[in-house]
Visitor: 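Quick one: this structure, given as C-alpha coordinates, is what I'll be asking you about.
Small disclaimer: the values here were computed from a predicted structure and weren't measured.
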There are 2 protein chains.
Amino acid sequence: MSSCDTCVVRNRAICSGLDDAELVALNNIGRRRNVTAGEPLIWEDDDSLLVANVIEGVLKLTTSTEDGREQIVGVAYPSDFIGRPFGQTSSASVVALTDARVCVFSRNDFDRFARDHPELEHKLLERTLAELDRTRSWMMLLGRKNASEKIATFLLEMSDRLADSGCSAAFGPAKRFSLPFSRQQVADLLGLTIETVSRQFTKLKNDGVVELPSRREVEIVNRGALLALAG
Amino acid sequence: MSSCDTCVVRNRAICSGLDDAELVALNNIGRRRNVTAGEPLIWEDDDSLLVANVIEGVLKLTTSTEDGREQIVGVAYPSDFIGRPFGQTSSASVVALTDARVCVFSRNDFDRFARDHPELEHKLLERTLAELDRTRSWMMLLGRKNASEKIATFLLEMSDRLADSGCSAAFGPAKRFSLPFSRQQVADLLGLTIETVSRQFTKLKNDGVVELPSRREVEIVNRGALLALAG
DNA sequence: TTGCGTTTTTGATATCGGTCAAGGTGGGGG
DNA sequence: CCCCCACCTTGACCGATATCAAAAACGCAA
(Lines give C-alpha, C1' and ligand atoms only; values in the text may rest on other atoms or scores of the structure.)
Protein backbone atom coordinates (compact mmCIF):
# COMPACT_ATOMS: atom_id res chain seq x y z
CA MET A 1 0.00 0.00 0.00
CA SER A 2 1.52 3.31 -1.04
CA SER A 3 1.74 6.27 1.29
CA CYS A 4 -0.94 7.84 -0.81
CA ASP A 5 -3.32 5.03 -0.02
CA THR A 6 -2.48 5.32 3.62
CA CYS A 7 -3.35 8.96 3.50
CA VAL A 8 -6.60 8.26 1.77
CA VAL A 9 -7.61 5.61 4.21
CA ARG A 10 -6.64 7.70 7.18
CA ASN A 11 -8.45 10.69 5.82
CA ARG A 12 -11.62 8.74 5.22
CA ALA A 13 -11.42 6.86 8.46
CA ILE A 14 -11.19 10.10 10.37
CA CYS A 15 -13.67 12.10 8.37
CA SER A 16 -16.33 9.52 7.75
CA GLY A 17 -15.93 6.83 10.34
CA LEU A 18 -15.63 4.17 7.66
CA ASP A 19 -13.77 1.02 8.53
CA ASP A 20 -10.16 0.81 7.37
CA ALA A 21 -10.03 -2.80 6.21
CA GLU A 22 -13.17 -2.60 4.13
CA LEU A 23 -12.05 0.61 2.51
CA VAL A 24 -8.75 -0.91 1.50
CA ALA A 25 -10.61 -3.89 0.05
CA LEU A 26 -12.98 -1.56 -1.75
CA ASN A 27 -10.06 0.45 -3.09
CA ASN A 28 -8.69 -2.70 -4.63
CA ILE A 29 -11.70 -3.34 -6.84
CA GLY A 30 -11.88 0.26 -8.09
CA ARG A 31 -9.77 2.13 -10.61
CA ARG A 32 -8.08 5.42 -9.86
CA ARG A 33 -8.79 8.29 -12.14
CA ASN A 34 -7.49 11.84 -12.16
CA VAL A 35 -9.86 14.58 -13.23
CA THR A 36 -8.70 18.11 -13.93
CA ALA A 37 -10.71 21.16 -12.90
CA GLY A 38 -13.63 21.74 -15.25
CA GLU A 39 -13.56 18.23 -16.67
CA PRO A 40 -16.71 16.10 -16.48
CA LEU A 41 -16.73 12.58 -15.07
CA ILE A 42 -18.12 10.41 -17.83
CA TRP A 43 -20.28 7.63 -16.49
CA GLU A 44 -20.74 5.64 -19.66
CA ASP A 45 -17.05 4.79 -19.89
CA ASP A 46 -17.41 1.05 -20.15
CA ASP A 47 -20.61 -0.89 -19.78
CA SER A 48 -21.94 0.96 -16.76
CA LEU A 49 -19.56 2.89 -14.60
CA LEU A 50 -21.83 4.23 -12.00
CA VAL A 51 -20.22 4.74 -8.64
CA ALA A 52 -17.15 6.61 -7.47
CA ASN A 53 -15.51 7.60 -4.25
CA VAL A 54 -13.84 10.99 -4.01
CA ILE A 55 -10.25 10.77 -2.80
CA GLU A 56 -9.13 14.33 -3.30
CA GLY A 57 -10.69 17.49 -4.71
CA VAL A 58 -14.20 18.87 -5.00
CA LEU A 59 -16.81 18.03 -7.64
CA LYS A 60 -20.24 19.43 -8.44
CA LEU A 61 -23.42 17.54 -9.29
CA THR A 62 -25.69 19.52 -11.56
CA THR A 63 -28.96 19.36 -13.44
CA SER A 64 -29.83 21.68 -16.28
CA THR A 65 -32.87 22.76 -18.23
CA GLU A 66 -32.88 22.56 -22.01
CA ASP A 67 -32.39 26.31 -22.29
CA GLY A 68 -29.18 26.24 -20.29
CA ARG A 69 -30.19 27.19 -16.77
CA GLU A 70 -28.09 25.20 -14.34
CA GLN A 71 -28.62 24.21 -10.74
CA ILE A 72 -25.92 22.63 -8.60
CA VAL A 73 -27.73 19.91 -6.64
CA GLY A 74 -24.82 18.59 -4.67
CA VAL A 75 -21.13 19.00 -3.93
CA ALA A 76 -18.83 16.05 -3.33
CA TYR A 77 -15.82 16.37 -1.04
CA PRO A 78 -13.11 13.81 -0.24
CA SER A 79 -14.56 10.57 1.15
CA ASP A 80 -17.99 11.27 -0.40
CA PHE A 81 -19.58 8.76 -2.71
CA ILE A 82 -21.05 9.93 -6.00
CA GLY A 83 -23.21 8.21 -8.54
CA ARG A 84 -26.06 5.83 -8.26
CA PRO A 85 -25.50 2.27 -7.09
CA PHE A 86 -27.98 -0.53 -7.78
CA GLY A 87 -29.01 0.05 -11.33
CA GLN A 88 -31.08 3.19 -11.49
CA THR A 89 -29.79 6.01 -13.62
CA SER A 90 -28.71 9.21 -12.04
CA SER A 91 -30.06 12.42 -13.46
CA ALA A 92 -27.18 14.62 -12.35
CA SER A 93 -23.96 15.18 -14.24
CA VAL A 94 -20.65 15.45 -12.41
CA VAL A 95 -17.90 17.99 -13.11
CA ALA A 96 -14.70 18.55 -11.17
CA LEU A 97 -14.38 21.99 -9.59
CA THR A 98 -10.75 21.47 -8.65
CA ASP A 99 -8.26 18.91 -9.85
CA ALA A 100 -9.49 15.72 -8.29
CA ARG A 101 -8.69 12.08 -7.78
CA VAL A 102 -11.49 9.59 -7.60
CA CYS A 103 -11.82 5.84 -7.32
CA VAL A 104 -14.40 4.55 -9.79
CA PHE A 105 -16.29 1.27 -9.73
CA SER A 106 -18.40 -0.46 -12.31
CA ARG A 107 -21.97 -0.89 -11.22
CA ASN A 108 -21.54 -4.68 -11.08
CA ASP A 109 -18.35 -4.67 -9.06
CA PHE A 110 -19.67 -2.21 -6.54
CA ASP A 111 -23.01 -3.92 -6.25
CA ARG A 112 -21.42 -7.29 -5.61
CA PHE A 113 -19.01 -5.85 -3.09
CA ALA A 114 -21.75 -4.06 -1.20
CA ARG A 115 -23.86 -7.22 -1.05
CA ASP A 116 -20.93 -9.07 0.49
CA HIS A 117 -20.25 -6.34 3.04
CA PRO A 118 -23.44 -5.35 4.86
CA GLU A 119 -21.43 -3.17 7.18
CA LEU A 120 -20.30 -1.06 4.26
CA GLU A 121 -23.83 -0.89 2.95
CA HIS A 122 -24.95 0.28 6.36
CA LYS A 123 -22.39 3.07 6.32
CA LEU A 124 -23.48 3.98 2.83
CA LEU A 125 -27.06 4.23 4.06
CA GLU A 126 -26.02 6.50 6.91
CA ARG A 127 -24.16 8.76 4.54
CA THR A 128 -27.02 8.85 2.08
CA LEU A 129 -29.40 9.81 4.87
CA ALA A 130 -27.02 12.56 5.96
CA GLU A 131 -26.79 13.81 2.38
CA LEU A 132 -30.58 13.81 2.15
CA ASP A 133 -30.74 15.95 5.28
CA ARG A 134 -28.24 18.42 3.84
CA THR A 135 -30.13 18.51 0.57
CA ARG A 136 -33.40 19.20 2.37
CA SER A 137 -31.98 22.10 4.30
CA TRP A 138 -30.68 23.43 0.99
CA MET A 139 -34.26 23.26 -0.33
CA MET A 140 -35.25 25.61 2.46
CA LEU A 141 -32.54 27.98 1.29
CA LEU A 142 -33.57 27.79 -2.37
CA GLY A 143 -37.29 28.13 -1.76
CA ARG A 144 -37.55 30.59 1.08
CA LYS A 145 -34.38 32.60 1.63
CA ASN A 146 -33.54 35.92 0.01
CA ALA A 147 -30.24 36.76 -1.65
CA SER A 148 -28.38 38.00 1.42
CA GLU A 149 -29.57 35.08 3.54
CA LYS A 150 -28.44 32.71 0.80
CA ILE A 151 -24.96 34.21 0.61
CA ALA A 152 -24.52 34.26 4.38
CA THR A 153 -25.65 30.63 4.66
CA PHE A 154 -23.32 29.66 1.85
CA LEU A 155 -20.28 31.30 3.44
CA LEU A 156 -20.99 29.65 6.78
CA GLU A 157 -21.39 26.25 5.14
CA MET A 158 -18.11 26.74 3.29
CA SER A 159 -16.30 27.68 6.45
CA ASP A 160 -17.61 24.51 8.09
CA ARG A 161 -16.66 22.27 5.19
CA LEU A 162 -13.31 23.69 4.22
CA ALA A 163 -10.20 24.27 6.19
CA ASP A 164 -6.58 24.81 5.35
CA SER A 165 -5.70 21.18 5.85
CA GLY A 166 -7.55 17.98 5.14
CA CYS A 167 -10.11 17.13 7.69
CA SER A 168 -11.76 20.35 8.67
CA ALA A 169 -14.56 19.41 11.01
CA ALA A 170 -12.22 18.35 13.78
CA PHE A 171 -10.66 21.82 13.98
CA GLY A 172 -13.85 23.87 13.96
CA PRO A 173 -15.00 26.21 11.20
CA ALA A 174 -12.36 27.92 9.08
CA LYS A 175 -11.98 31.67 9.47
CA ARG A 176 -10.22 32.03 6.17
CA PHE A 177 -10.54 29.73 3.19
CA SER A 178 -10.32 29.40 -0.54
CA LEU A 179 -13.58 28.91 -2.43
CA PRO A 180 -13.68 26.00 -4.88
CA PHE A 181 -16.41 27.91 -6.76
CA SER A 182 -16.39 30.69 -9.32
CA ARG A 183 -18.99 33.42 -8.92
CA GLN A 184 -21.11 31.75 -11.56
CA GLN A 185 -20.95 28.47 -9.69
CA VAL A 186 -21.96 30.14 -6.45
CA ALA A 187 -24.93 31.53 -8.37
CA ASP A 188 -25.79 28.06 -9.69
CA LEU A 189 -25.61 26.69 -6.17
CA LEU A 190 -27.83 29.36 -4.63
CA GLY A 191 -30.35 29.84 -7.43
CA LEU A 192 -29.22 33.41 -8.14
CA THR A 193 -27.54 35.26 -11.01
CA ILE A 194 -23.84 36.02 -11.04
CA GLU A 195 -24.56 39.74 -10.77
CA THR A 196 -26.61 39.31 -7.61
CA VAL A 197 -23.90 37.16 -6.05
CA SER A 198 -21.28 39.75 -6.89
CA ARG A 199 -23.35 42.59 -5.42
CA GLN A 200 -23.99 40.65 -2.20
CA PHE A 201 -20.28 39.86 -1.80
CA THR A 202 -19.46 43.51 -2.29
CA LYS A 203 -22.06 44.52 0.26
CA LEU A 204 -20.69 42.12 2.88
CA LYS A 205 -17.22 43.50 2.25
CA ASN A 206 -18.38 47.10 2.55
CA ASP A 207 -20.24 46.26 5.77
CA GLY A 208 -17.04 44.81 7.23
CA VAL A 209 -18.46 41.31 7.59
CA VAL A 210 -15.89 39.65 5.34
CA GLU A 211 -12.60 40.39 3.63
CA LEU A 212 -12.07 39.34 0.01
CA PRO A 213 -8.30 39.32 -0.57
CA SER A 214 -8.77 37.79 -4.02
CA ARG A 215 -11.58 36.38 -6.12
CA ARG A 216 -11.41 32.96 -4.51
CA GLU A 217 -10.27 33.90 -1.01
CA VAL A 218 -12.66 34.67 1.82
CA GLU A 219 -11.94 35.74 5.37
CA ILE A 220 -14.80 35.88 7.81
CA VAL A 221 -14.33 38.99 9.94
CA ASN A 222 -17.65 39.03 11.75
CA ARG A 223 -19.06 35.55 12.08
CA GLY A 224 -21.87 36.70 14.37
CA ALA A 225 -23.15 39.04 11.70
CA LEU A 226 -23.13 36.22 9.16
CA LEU A 227 -25.04 33.96 11.53
CA ALA A 228 -27.62 36.67 12.04
CA LEU A 229 -27.97 37.23 8.30
CA ALA A 230 -28.28 33.50 7.58
CA GLY A 231 -31.37 33.26 9.76
CA MET B 1 -52.78 -11.37 10.05
CA SER B 2 -55.83 -9.16 9.58
CA SER B 3 -57.19 -8.26 6.16
CA CYS B 4 -55.82 -4.79 6.81
CA ASP B 5 -52.32 -6.15 7.16
CA THR B 6 -52.74 -8.15 4.00
CA CYS B 7 -53.73 -5.02 2.19
CA VAL B 8 -50.77 -3.15 3.55
CA VAL B 9 -48.36 -5.87 2.61
CA ARG B 10 -49.80 -6.27 -0.85
CA ASN B 11 -49.78 -2.56 -1.44
CA ARG B 12 -46.18 -2.24 -0.39
CA ALA B 13 -45.08 -5.35 -2.19
CA ILE B 14 -46.53 -4.01 -5.43
CA CYS B 15 -45.51 -0.42 -5.04
CA SER B 16 -42.09 -0.79 -3.58
CA GLY B 17 -40.89 -4.29 -4.30
CA LEU B 18 -40.28 -4.96 -0.63
CA ASP B 19 -40.34 -8.53 0.52
CA ASP B 20 -43.54 -9.76 2.13
CA ALA B 21 -42.13 -11.84 4.97
CA GLU B 22 -39.77 -9.15 6.20
CA LEU B 23 -42.47 -6.54 6.09
CA VAL B 24 -44.79 -8.65 8.18
CA ALA B 25 -42.00 -9.19 10.67
CA LEU B 26 -41.27 -5.50 10.68
CA ASN B 27 -44.94 -4.71 11.20
CA ASN B 28 -44.89 -6.85 14.32
CA ILE B 29 -42.28 -4.76 16.08
CA GLY B 30 -43.98 -1.44 15.25
CA ARG B 31 -47.03 0.22 16.72
CA ARG B 32 -49.91 1.43 14.61
CA ARG B 33 -50.95 5.01 14.95
CA ASN B 34 -53.72 6.98 13.34
CA VAL B 35 -53.07 10.61 12.54
CA THR B 36 -55.82 13.00 11.50
CA ALA B 37 -55.31 15.62 8.82
CA GLY B 38 -53.35 18.57 10.13
CA GLU B 39 -51.98 16.71 13.12
CA PRO B 40 -48.21 16.51 13.62
CA LEU B 41 -46.37 13.27 14.23
CA ILE B 42 -44.56 13.74 17.52
CA TRP B 43 -41.21 12.01 17.50
CA GLU B 44 -40.35 12.40 21.16
CA ASP B 45 -43.23 10.20 22.28
CA ASP B 46 -41.20 7.82 24.36
CA ASP B 47 -37.47 7.71 24.67
CA SER B 48 -36.71 8.15 20.97
CA LEU B 49 -39.38 7.35 18.43
CA LEU B 50 -37.63 8.04 15.23
CA VAL B 51 -38.83 5.96 12.32
CA ALA B 52 -42.21 5.30 10.75
CA ASN B 53 -43.64 3.61 7.72
CA VAL B 54 -46.65 5.19 6.02
CA ILE B 55 -49.51 2.73 5.58
CA GLU B 56 -52.20 5.06 4.32
CA GLY B 57 -52.50 8.78 3.69
CA VAL B 58 -50.10 11.56 2.79
CA LEU B 59 -47.79 13.49 5.10
CA LYS B 60 -45.54 16.49 4.62
CA LEU B 61 -42.00 17.03 5.90
CA THR B 62 -41.23 20.67 6.54
CA THR B 63 -38.53 22.98 7.76
CA SER B 64 -39.21 26.51 8.91
CA THR B 65 -37.30 29.67 9.63
CA GLU B 66 -37.69 31.43 12.96
CA ASP B 67 -39.88 34.08 11.35
CA GLY B 68 -42.41 31.55 10.12
CA ARG B 69 -41.48 30.94 6.50
CA GLU B 70 -42.10 27.29 5.70
CA GLN B 71 -40.69 25.00 3.07
CA ILE B 72 -42.06 21.53 2.40
CA VAL B 73 -38.95 19.40 1.85
CA GLY B 74 -40.62 16.08 1.23
CA VAL B 75 -43.95 14.32 0.89
CA ALA B 76 -44.51 10.80 2.19
CA TYR B 77 -46.98 8.50 0.47
CA PRO B 78 -48.06 4.98 1.46
CA SER B 79 -45.09 2.60 1.72
CA ASP B 80 -42.63 5.46 2.26
CA PHE B 81 -40.41 5.56 5.31
CA ILE B 82 -40.13 8.75 7.31
CA GLY B 83 -37.79 9.78 10.04
CA ARG B 84 -34.15 9.22 10.65
CA PRO B 85 -32.82 5.82 11.56
CA PHE B 86 -29.48 5.28 13.27
CA GLY B 87 -29.31 7.98 15.84
CA GLN B 88 -28.99 11.30 14.11
CA THR B 89 -31.72 13.84 14.66
CA SER B 90 -33.92 14.84 11.80
CA SER B 91 -34.39 18.51 11.18
CA ALA B 92 -37.77 18.21 9.48
CA SER B 93 -41.12 18.07 11.23
CA VAL B 94 -43.88 15.81 9.97
CA VAL B 95 -47.57 16.74 9.65
CA ALA B 96 -50.37 14.69 8.13
CA LEU B 97 -52.01 16.24 5.07
CA THR B 98 -54.83 13.71 5.03
CA ASP B 99 -56.01 11.30 7.68
CA ALA B 100 -53.24 8.75 7.81
CA ARG B 101 -52.18 5.48 9.33
CA VAL B 102 -48.55 4.88 10.11
CA CYS B 103 -46.50 2.18 11.73
CA VAL B 104 -44.00 3.70 14.16
CA PHE B 105 -40.82 2.18 15.54
CA SER B 106 -38.54 3.22 18.33
CA ARG B 107 -35.06 3.97 17.17
CA ASN B 108 -33.67 1.00 19.05
CA ASP B 109 -36.19 -1.52 17.76
CA PHE B 110 -35.79 -0.41 14.18
CA ASP B 111 -32.05 -0.24 14.38
CA ARG B 112 -31.78 -3.74 15.78
CA PHE B 113 -34.20 -5.12 13.21
CA ALA B 114 -32.37 -3.51 10.32
CA ARG B 115 -29.04 -4.89 11.53
CA ASP B 116 -30.52 -8.38 11.55
CA HIS B 117 -32.03 -8.01 8.08
CA PRO B 118 -29.45 -6.74 5.60
CA GLU B 119 -31.90 -7.28 2.78
CA LEU B 120 -34.28 -4.76 4.34
CA GLU B 121 -31.44 -2.35 4.88
CA HIS B 122 -30.53 -2.72 1.23
CA LYS B 123 -34.07 -1.84 0.19
CA LEU B 124 -34.01 1.10 2.54
CA LEU B 125 -30.82 2.28 0.89
CA GLU B 126 -32.36 2.01 -2.56
CA ARG B 127 -35.38 4.01 -1.47
CA THR B 128 -33.26 6.63 0.21
CA LEU B 129 -31.23 7.01 -2.97
CA ALA B 130 -34.44 7.37 -4.97
CA GLU B 131 -35.72 9.98 -2.55
CA LEU B 132 -32.43 11.84 -2.86
CA ASP B 133 -32.85 11.88 -6.65
CA ARG B 134 -36.37 13.26 -6.34
CA THR B 135 -35.20 15.86 -3.87
CA ARG B 136 -32.41 16.94 -6.19
CA SER B 137 -34.72 17.42 -9.13
CA TRP B 138 -36.93 19.48 -6.82
CA MET B 139 -33.89 21.68 -6.08
CA MET B 140 -33.73 22.46 -9.79
CA LEU B 141 -37.36 23.53 -9.63
CA LEU B 142 -36.86 25.70 -6.54
CA GLY B 143 -33.69 27.36 -7.72
CA ARG B 144 -34.20 27.85 -11.42
CA LYS B 145 -37.83 27.59 -12.50
CA ASN B 146 -40.33 30.44 -12.65
CA ALA B 147 -43.83 30.36 -11.22
CA SER B 148 -45.62 28.86 -14.22
CA GLU B 149 -42.94 26.20 -14.72
CA LYS B 150 -43.21 25.33 -11.04
CA ILE B 151 -46.97 24.91 -11.17
CA ALA B 152 -46.87 22.86 -14.36
CA THR B 153 -44.16 20.58 -12.93
CA PHE B 154 -46.14 20.21 -9.73
CA LEU B 155 -49.34 19.19 -11.52
CA LEU B 156 -47.50 16.65 -13.63
CA GLU B 157 -45.79 15.17 -10.58
CA MET B 158 -49.14 14.94 -8.80
CA SER B 159 -50.73 13.19 -11.75
CA ASP B 160 -47.89 10.67 -11.71
CA ARG B 161 -48.08 10.06 -7.98
CA LEU B 162 -51.81 10.03 -7.43
CA ALA B 163 -54.50 7.96 -9.00
CA ASP B 164 -58.03 7.09 -8.03
CA SER B 165 -57.01 3.78 -6.50
CA GLY B 166 -54.00 2.68 -4.50
CA CYS B 167 -51.00 2.01 -6.58
CA SER B 168 -50.95 4.61 -9.28
CA ALA B 169 -47.76 4.07 -11.19
CA ALA B 170 -48.91 0.80 -12.72
CA PHE B 171 -51.87 2.51 -14.41
CA GLY B 172 -50.04 5.51 -15.84
CA PRO B 173 -50.54 9.15 -14.86
CA ALA B 174 -53.93 10.22 -13.59
CA LYS B 175 -55.93 12.61 -15.77
CA ARG B 176 -58.13 13.69 -12.91
CA PHE B 177 -57.18 13.67 -9.25
CA SER B 178 -57.74 15.18 -5.85
CA LEU B 179 -54.93 17.28 -4.42
CA PRO B 180 -53.83 16.44 -0.88
CA PHE B 181 -52.58 20.04 -0.60
CA SER B 182 -54.24 23.34 0.20
CA ARG B 183 -53.16 26.34 -1.86
CA GLN B 184 -50.88 27.44 0.97
CA GLN B 185 -49.25 24.02 1.04
CA VAL B 186 -48.70 24.09 -2.70
CA ALA B 187 -47.00 27.44 -2.15
CA ASP B 188 -44.82 25.97 0.61
CA LEU B 189 -43.86 23.12 -1.69
CA LEU B 190 -42.94 25.34 -4.64
CA GLY B 191 -41.34 28.25 -2.84
CA LEU B 192 -44.09 30.69 -3.86
CA THR B 193 -46.82 32.70 -2.13
CA ILE B 194 -50.41 31.56 -2.00
CA GLU B 195 -51.45 34.48 -4.21
CA THR B 196 -49.03 33.53 -6.96
CA VAL B 197 -50.20 29.91 -6.83
CA SER B 198 -53.80 31.03 -7.11
CA ARG B 199 -53.09 33.30 -10.06
CA GLN B 200 -51.20 30.57 -11.91
CA PHE B 201 -54.01 28.08 -11.36
CA THR B 202 -56.50 30.60 -12.70
CA LYS B 203 -54.33 31.27 -15.71
CA LEU B 204 -54.04 27.56 -16.54
CA LYS B 205 -57.83 27.28 -16.25
CA ASN B 206 -58.41 30.30 -18.50
CA ASP B 207 -55.96 28.93 -21.05
CA GLY B 208 -57.89 25.66 -21.15
CA VAL B 209 -54.97 23.59 -19.87
CA VAL B 210 -56.76 22.30 -16.76
CA GLU B 211 -60.24 22.18 -15.28
CA LEU B 212 -60.71 22.97 -11.59
CA PRO B 213 -64.09 21.50 -10.60
CA SER B 214 -63.48 22.33 -6.96
CA ARG B 215 -60.67 23.66 -4.81
CA ARG B 216 -59.02 20.29 -4.41
CA GLU B 217 -59.95 18.69 -7.74
CA VAL B 218 -57.79 18.93 -10.85
CA GLU B 219 -58.44 17.61 -14.31
CA ILE B 220 -55.65 17.81 -16.84
CA VAL B 221 -57.19 18.79 -20.16
CA ASN B 222 -54.05 19.45 -22.18
CA ARG B 223 -51.17 17.40 -20.87
CA GLY B 224 -48.93 18.40 -23.76
CA ALA B 225 -49.24 22.05 -22.86
CA LEU B 226 -48.34 21.24 -19.25
CA LEU B 227 -45.27 19.30 -20.37
CA ALA B 228 -44.20 22.23 -22.52
CA LEU B 229 -44.68 24.67 -19.65
CA ALA B 230 -42.78 22.46 -17.18
CA GLY B 231 -39.64 22.64 -19.34
C1' DT C 1 6.23 44.14 -18.88
C1' DT C 2 2.51 44.19 -22.08
C1' DG C 3 -1.55 42.45 -24.21
C1' DC C 4 -5.51 39.66 -24.43
C1' DG C 5 -9.26 36.77 -22.98
C1' DT C 6 -11.93 35.63 -19.15
C1' DT C 7 -14.15 36.70 -15.04
C1' DT C 8 -15.99 40.00 -12.06
C1' DT C 9 -17.91 44.30 -10.83
C1' DT C 10 -20.84 48.12 -11.47
C1' DG C 11 -24.70 50.67 -13.44
C1' DA C 12 -29.38 51.38 -15.55
C1' DT C 13 -33.63 49.46 -16.37
C1' DA C 14 -37.30 45.89 -16.59
C1' DT C 15 -40.07 42.43 -14.68
C1' DC C 16 -41.70 38.76 -11.99
C1' DG C 17 -43.46 37.64 -7.95
C1' DG C 18 -44.26 39.46 -3.20
C1' DT C 19 -47.04 42.39 -0.20
C1' DC C 20 -51.07 44.54 1.31
C1' DA C 21 -55.89 44.88 1.00
C1' DA C 22 -60.50 43.77 -0.23
C1' DG C 23 -63.93 40.85 -1.69
C1' DG C 24 -65.73 36.10 -2.90
C1' DT C 25 -66.71 31.09 -2.03
C1' DG C 26 -67.88 26.99 0.10
C1' DG C 27 -68.62 23.72 3.66
C1' DG C 28 -69.76 22.45 8.32
C1' DG C 29 -72.24 23.45 12.57
C1' DG C 30 -75.85 25.56 14.92
C1' DC D 1 -81.54 26.62 6.24
C1' DC D 2 -78.46 30.02 7.12
C1' DC D 3 -74.44 31.86 9.06
C1' DC D 4 -69.79 32.01 9.92
C1' DC D 5 -65.12 31.24 9.31
C1' DA D 6 -61.45 29.48 6.89
C1' DC D 7 -59.77 29.35 2.46
C1' DC D 8 -59.30 31.21 -1.92
C1' DT D 9 -59.30 34.75 -5.58
C1' DT D 10 -58.57 39.17 -7.45
C1' DG D 11 -56.63 43.77 -7.74
C1' DA D 12 -53.20 47.56 -7.05
C1' DC D 13 -48.78 48.50 -6.03
C1' DC D 14 -43.95 47.80 -4.79
C1' DG D 15 -39.47 46.00 -4.41
C1' DA D 16 -35.96 42.49 -4.94
C1' DT D 17 -33.71 40.31 -8.31
C1' DA D 18 -33.11 39.45 -13.27
C1' DT D 19 -31.60 41.39 -17.49
C1' DC D 20 -28.85 44.07 -20.48
C1' DA D 21 -24.72 46.65 -21.13
C1' DA D 22 -20.22 48.33 -20.28
C1' DA D 23 -16.17 49.02 -17.65
C1' DA D 24 -12.73 47.11 -14.59
C1' DA D 25 -9.81 43.61 -12.62
C1' DC D 26 -7.36 39.61 -12.90
C1' DG D 27 -4.35 35.90 -14.68
C1' DC D 28 -1.74 33.97 -18.01
C1' DA D 29 1.49 33.77 -21.69
C1' DA D 30 4.42 35.82 -24.93
Visitor: Expressed as a whole number of angstroms, how long is the span from A:R183:CZ to D:dG27:P?
Guide: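 A:R183 atom CZ is separated from D:dG27 atom P by 12 Å.
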
Visitor: Nearest-Å distance, CG (A:N146) to C1' (D:dT17)?
Guide: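 Answer to the nearest Å: 10 Å.
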
Visitor: Nearest whole Å is fine: how far is D:dT17 C1' from A:E149 CD?
Guide: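 Whole-Å distance recorded here is 14 Å.
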
Visitor: How many Å lie between CD on B:Q200 and C1' on D:dT10, as a whole number?
Guide: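 Taking CD of B:Q200 and C1' of D:dT10, I get 14 Å after rounding.
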
Visitor: Strictly below 4.0 Å, N to O, side chains only: are A:K175 and A:E219 in salt-bridge contact?
Guide: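 Judged by the 4.0 Å cut-off on N to carboxylate O distance, A:K175 and A:E219 do form a salt bridge.
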
Visitor: Whole-Å distance between D:dT17 C1' and A:R69 CZ?
Guide: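 Result: 15 Å.
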
Visitor: Let me know the distance between CZ of B:R216 and P of D:dA6, rounded to the nearest Å.
Guide: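 Those two atoms, CZ and P, are 16 Å apart.
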
Visitor: Please answer whether the main-chain N or O of A:E39 pairs with a side-chain N or O of A:T36 as donor and acceptor at a distance below 3.5 Å.
Guide: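 Not confirmed, A:T36 side chain does not pair with A:E39 backbone.
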
Visitor: Within this structure, what is the CG-CZ distance for the pair B:L155 and B:R223, rounded to the nearest 0.5 Å?
Guide: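 With rounding to 0.5 Å, CG (B:L155) is 10.0 Å from CZ (B:R223).
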
Visitor: Write down the distance between CG (B:L204) and P (D:dT9), rounded to a whole number of angstrom.
Guide: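 In whole Å, D:dT9 P and B:L204 CG are 12 Å from each other.
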
Visitor: Taking A:R199 first and then A:E195, would you say they form a salt bridge - that is, a charged N and a carboxylate O separated by under 4.0 Å?
Guide: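 No, this pair does not count.
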
Visitor: Would you kindly compare A:R199 and A:R144 by the position of their nearest DNA chain C nucleotide and give the one closer to the 5′ end?
Guide: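 Its nucleotide being nearer the 5' end, the pick is A:R199.
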
Visitor: Detail all sub-3.5 Å separations between protein N/O atoms and N/O atoms belonging to nucleotides 21-26 of chain D.
Guide:
unit_1 : atom_1 : unit_2 : atom_2 : d
D:dA25 : N3     : A:R215 : NH2    : 3.1

Visitor: Output yes when B:D188 and B:R69 qualify as a salt bridge under the 4.0 Å nitrogen-oxygen rule, no when they do not.
Guide: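 No, B:D188 and B:R69 are not salt-bridged.
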
Visitor: What range of DNA chain C does chain A touch, first nucleotide to last, counting atoms under 4.0 Å from its heavy atoms?
Guide: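 Answer, 5' to 3': C:dT7 to C:dA12.
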
Visitor: Between the side chains of B:E131 and B:R136, is the shortest nitrogen-to-carboxylate-oxygen separation below 4.0 Å, so that they form an ion pair?
Guide: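 No, this pair does not count.
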
Visitor: Would you kindly give the CD1-to-P distance between A:I194 and D:dT17, to the nearest whole Å?
Guide: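 Atom CD1 in A:I194 sits about 17 Å away from atom P in D:dT17.
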
Visitor: Taking atom types as modelled and ignoring hydrogens, do the side chains of A:T135 and B:T135 form a donor-acceptor contact shorter than 3.5 angstrom?
Guide: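 No.
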
Visitor: Does D:dA16 have OP1 or OP2 sitting under 4.0 Å from an N or O in the side chain of A:T196?
Guide: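 So the side chain of A:T196 is outside the cut-off, no N or O lying under 4.0 Å from OP1 or OP2 of D:dA16.
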
Visitor: Using side chain to side chain contact (heavy atoms under 4.5 Å, CB included) as the criterion, list what pairs up with B:N34, not counting sequence neighbours.
Guide: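 Here the qualifying residues are B:R101.
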
Visitor: Is it true that a side-chain atom of A:K145 and a backbone atom of A:A230 form a donor plus acceptor pair closer than 3.5 Å?
Guide: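 Looks like yes, one N/O pair under 3.5 Å.
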
